[in-house]
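Not measured: the values here are computed from a predicted model.
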Amino acid sequence: MSLFVLLMGFPGVGKLTIARELSPLLAAKVIDNHWFNNPILRLLDDDGTTPLPNGIWEYTGRVRQAVLDAIVAYGPPSANFIFTHAGVEGDERSNRTFQQIAGAAQQCEALLVPVRLHCDEEELARRVTTPARRERLKSIDVQAAREKSRRAQVLDPQQPFTLNLDVTSKSAEASAAAIRDHVLRVTAGDLGSLQGNVVVTLP
């Protein structure tokens with residue numbers, strides 16, 4: 001059975017950095033959400049702080065679906081993938097994105113393991129200003145990061161193997177190792193202790 005790991009968290013939490021550390025641990029390909037966003041965002045005069053037009057996400061959704069369709073059509077049966085998604089609880093677009101990825105997992109008969117990454121406000125505000133983020137057309141809006149941290153929650157897909165992981169004071173390496181260990185427990189069939197959401201906070 002192939003594996004779809006979905007890393008979810010607010011901008012700046014470290015989804016892509018953790019995904020890159022996790023990739024060799026699971027022999028998985030990283031599919032970053034900005035693969036879908038940037039072909040469209042590069043057409044705009046985006047400064048990383050000004051709100052984007054609402055309609056733009058319809059186009060990025062089409063790009064995402066095309067990539068997922070290609071995975072379903074041409075991905076090897078044993079291929080593993082790590083996706084990133086800035087999903088927000090109660091947001092319709094976030095839910096649609098999750099359903100797109102979950103639908104592809106189902107078509108591939110892959111095990112879907114969602115991971116909700118959490119980070120406190122001050123650390124999130126610090127991380128969101130990393131210079132490399134702007135180069136990849138990621139948001140660098142500190143105030144927006146603070147507001148999201150205070151008012152929103154990371155999307156909760158209500159899936160049986162969901163992992164909640166606090167990465168506030170954790171390195172990407174340690175976070176990736178915790179996710180790998182969780183995946184190994186799931187794939188080993190330790191279902192009794194993994195029903196419902198699992199909360200992991202590394203010391």
(Q) As an exercise, state the distance from CD1 of Ile101 to CD1 of Ile31, rounded to the nearest 0.5 Å. (A) 10.0 Å

Q | Thr84 (side chain) donor-acceptor with Asn33 (main chain) under 3.5 angstrom | A | yes

(Q) Nearest 0.5 angstrom please: Phe83 CZ to Leu68 CG, how far? (A) 5.5 Å

Q: Indicate yes or no: at least one non-hydrogen side-chain atom of Leu111 is less than 4.5 angstrom from one of Phe161.
A: yes

Q | Steps toward side-chain contact (heavy atoms from CB on, under 4.5 Å) verdict (Glu121, Leu124) | A | CA-CA 5 Å; Glu121 179 183 330; Leu124 192 66; 5.7 Å; no

Q. Do Ile18 and Glu21 have side-chain heavy atoms sitting under 4.5 Å apart?
A. no

Q. Would a distance-only check, ignoring hydrogens and angles, find a side-chain to backbone donor-acceptor pair under 3.5 Å from Ser23 to Val30?
A. no

Q) Under 3.5 Å, is there a donor-acceptor pair between the side chain of Arg116 and the main chain of Val154? A) yes

Q: Output every pair passing salt bridge (Lys or Arg N to Asp or Glu O under 4.0 Å) with a member in residues 51-71, not counting sequence neighbours, ordered by first then second residue.
A: Glu58-Arg62

Q: Walk me through it: do Leu117 and Val115 pass the test side-chain contact (heavy atoms from CB on, under 4.5 Å)?
A: CA-CA 6 Å; Leu117 301 174; Val115 180; 3.8 Å; yes

Q.
Are Leu25 and Val183 packed together at the side-chain level, in the sense that at least one heavy-atom pair is separated by less than 4.5 angstrom?
A. no

Q. Quick one: does Asn80's side chain have a donor or acceptor within less than 3.5 Å of a partner on Leu3's backbone?
A. yes

Validation: residues 86-94 side-chain donor-acceptor distances under 3.5 Å, sequence neighbours left out:
residue, atom, partner, partner atom, Å
Glu89, OE1, Asp156, N, 2.6
Asp91, OD2, Arg93, N, 3.4
Asp91, OD2, Ser94, N, 2.8
Asp91, OD2, Ser94, OG, 2.9
Glu92, OE2, Arg96, NH1, 3.3
Ser94, OG, Val88, N, 3.0

Q. Is the shortest heavy-atom distance from the side chain of Leu112 to the side chain of Phe98 under 4.5 Å?
A. yes

Q. Taking only residues two or more places apart in sequence, or in another chain, which ones meet Phe81 in a ring pair (Phe, Tyr, Trp, His ring centres under 6.0 Å)?
A. Phe4

Q) Between NZ of Lys15 and CD1 of Ile82, what distance do you get to the nearest 0.5 Å? A) 14.0 Å

Q. Has Arg150 got more than 12 heavy atoms of other residues, nucleotides or ligands less than 6.0 Å from its CZ?
A. yes

Q. Roughly how far, to the nearest 0.5 Å, is the CG atom of Asp32 from the CG atom of Asn38?
A. 8.0 Å

Q) CZ/Arg20 to CD/Glu173 distance, rounded to the nearest 0.5 angstrom? A) 13.0 Å

Q.
Quick check for you: to the nearest 0.5 Å, what is the distance between Trp57 atom CH2 and Ile40 atom CD1?
A. 10.0 Å

